[in-house]
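Report on the structure given below.
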Amino acid sequence: MGKIVKVNEIADVVQDYLSLATEEYTEIMKDVIDDVSQGCLNEVKNHVTWKDKKYSSNFALTTELETKRRKKRVWYVENGYYRLTHLLEFGHMTRNGKSRTKAFPHVEYGTNYVRDNFERKLKEAIENAKLESIT
């Protein structure tokens, strides 16, 4: 049976239920952020097509910001190898200045992965949470 609420307490009860739902959805969103950021890291690693594995072994994720309602994960390259990222992604002029090196795009695949999967996975997780709360 439901909880009996006086008329002057309705706003407080509604606010309590809304804050519970917000906290639940925030945790779901943070889990999806972790999942998608790990998928982004794996996607970029899978598209490294050159033989130097030192560069790809320095790929990392960090949580740059996490508050009660927000989370920000960042993919980066550690230990000085970050200097190669732009050169590899877009190519560059050779030392003689007459030719360009071949580009090895890899970061764009991670960007596309996040763009294509974050919203879909978040919707799925919220729908699953709604179905679990109903049953």
Side-chain angles (χ1 to χ4, degrees):
M1 188 161 171
K3 181 180 175 183
I4 297 175
V5 179
K6 295 180 184 174
V7 174
N8 58 350
E9 297 173 347
I10 289 176
D12 294 334
V13 171
V14 169
Q15 183 63 35
D16 291 342
Y17 281 109
L18 287 175
S19 71
L20 287 174
T22 302
E23 289 173 11
E24 181 181 349
Y25 289 139
T26 301
E27 287 304 314
I28 290 170
M29 183 183 68
K30 288 181 178 182
D31 291 341
V32 169
I33 288 170
D34 288 336
D35 181 41
V36 171
S37 60
Q38 187 62 47
C40 172
L41 177 70
N42 294 337
E43 191 73 17
V44 173
K45 276 189 177 183
N46 290 338
H47 284 89
V48 173
T49 56
W50 57 93
K51 295 187 187 327
D52 182 18
K53 296 300 177 188
K54 287 182 183 179
Y55 174 71
S56 62
S57 67
N58 283 290
F59 292 171
L61 287 171
T62 186
T63 302
E64 191 172 275
L65 170 74
E66 185 165 8
T67 64
K68 185 176 180 182
R69 304 241 188 260
R70 295 181 65 197
K71 186 168 191 171
K72 182 178 180 180
R73 301 281 317 261
V74 177
W75 171 88
Y76 67 102
V77 184
E78 300 177 307
N79 300 328
Y81 286 93
Y82 63 89
R83 295 180 190 104
L84 296 174
T85 304
H86 184 82
L87 299 174
L88 290 168
E89 186 75 13
F90 301 106
H92 56 89
M93 292 298 291
T94 58
R95 288 186 179 175
N96 66 17
K98 296 179 182 176
S99 61
R100 291 190 63 83
T101 62
K102 180 182 175 189
F104 294 98
H106 55 294
V107 177
E108 71 177 73
Y109 293 104
T111 304
N112 293 339
Y113 179 85
V114 172
R115 185 181 311 117
D116 296 342
N117 290 297
F118 179 71
E119 186 176 351
R120 179 183 53 79
K121 287 186 177 193
L122 185 60
K123 283 180 182 179
E124 288 174 4
I126 289 173
E127 288 298 321
N128 291 339
K130 285 180 184 177
L131 293 175
E132 289 174 7
S133 66
I134 291 172
T135 58

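- Side-chain contact between Arg73 and Val36: absent, with no pair of heavy atoms (C-beta onward) separated by less than 4.5 Å.
- Side-chain contact between Tyr109 and Asn46 is absent, with no heavy atoms from C-beta onward closer than 4.5 Å.
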task = Check step by step if side chain to side chain contact (heavy atoms under 4.5 Å, CB included) holds for Arg70 and Leu65.
result = CA-CA 7 Å; Arg70 295 181 65 197; Leu65 170 74; 3.7 Å; yes

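- In the hydrophobic cluster analysis, where Ile, Leu, Val, Met, Phe, Trp and Tyr join through side-chain heavy atoms closer than 4.5 angstrom, Val44 is grouped together with Tyr82.
- In this structure, the side chains of His47 and Glu108 stay at 4.5 Å or more apart for every pair of heavy atoms.
- Residues Arg100 and Gly91 share a closest heavy-atom pair of NH2-O, 3.3 Å.
- When the shell of 6.0 Å around CD of Glu119 is examined, it contains 12 or fewer heavy atoms from other residues, nucleotides or ligands.
- In this structure the side chain of His106 reaches within 4.5 angstrom of the side chain of Tyr55, judged on heavy atoms.
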request  = Show your working on side chain to side chain contact (heavy atoms under 4.5 Å, CB included) between Val114 and Glu43 and close with a plain yes or no.
outcome  = CA-CA 10 Å; Val114 172; Glu43 191 73 17; over 6 Å; no

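- Dense packing is recorded around NZ of Lys53, with more than 12 heavy atoms of other residues, nucleotides or ligands lying under 6.0 Å away.
- Residue Leu41 holds its CG atom at 8.0 Å from CH2 of Trp75, rounded to the nearest 0.5 Å.
- Of all heavy-atom pairs between Arg115 and Asn112, the closest is NH1-OD1, 2.7 Å.
- Between the side chain of Thr101 and the backbone N or O of His92, at least one donor-acceptor pair lies under 3.5 Å.
- Here Lys123 does not pair with Glu127 in a salt bridge; the nearest charged N to carboxylate O distance is not below 4.0 Å.
- The distance from atom CG of Asn117 to atom CD of Glu124, rounded to the nearest 0.5 Å, is 9.0 Å.
- Looking only at side-chain heavy atoms (C-beta outward), Val32 and Met29 stay at 4.5 Å or farther from each other.
- The closest donor-acceptor contact from the side chain of Asn79 to the backbone of Tyr81 lies at 3.5 Å or more, if one exists at all.
- For the atom pair Lys71 NZ and Lys30 NZ, the distance stands at 7.0 Å (nearest 0.5 Å).
- Hydrophobic clustering places Phe59 together with Trp50 (ILVMFWY residues linked when any side-chain heavy atoms are closer than 4.5 Å, directly or through intermediates).
- Note that CD of Glu66 is 7.5 Å distant from CG of Asp34, once rounded to the nearest 0.5 Å.
- Considering all non-hydrogen atoms of both residues, Ala103 and Glu89 come closest at CB-O, 3.6 Å.
- Inter-residue side-chain proximity for Phe118 and Ile33 is flagged as met; some heavy-atom pair is nearer than 4.5 Å.
- Between Leu61 and Gln38, some side-chain heavy-atom pair lies under the 4.5 Å cut-off.
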Full working for side chain to side chain contact (heavy atoms under 4.5 Å, CB included) between Val107 and Thr85 = CA-CA 8 Å; Val107 177; Thr85 304; 3.8 Å; yes

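- In this structure, the side chains of Arg69 and Glu23 come closer than 4.5 Å at one or more pairs of heavy atoms.
- Note that the CD1 atom of Ile28 and the CG atom of Asn128 stand 8.5 Å from one another [nearest 0.5 Å].
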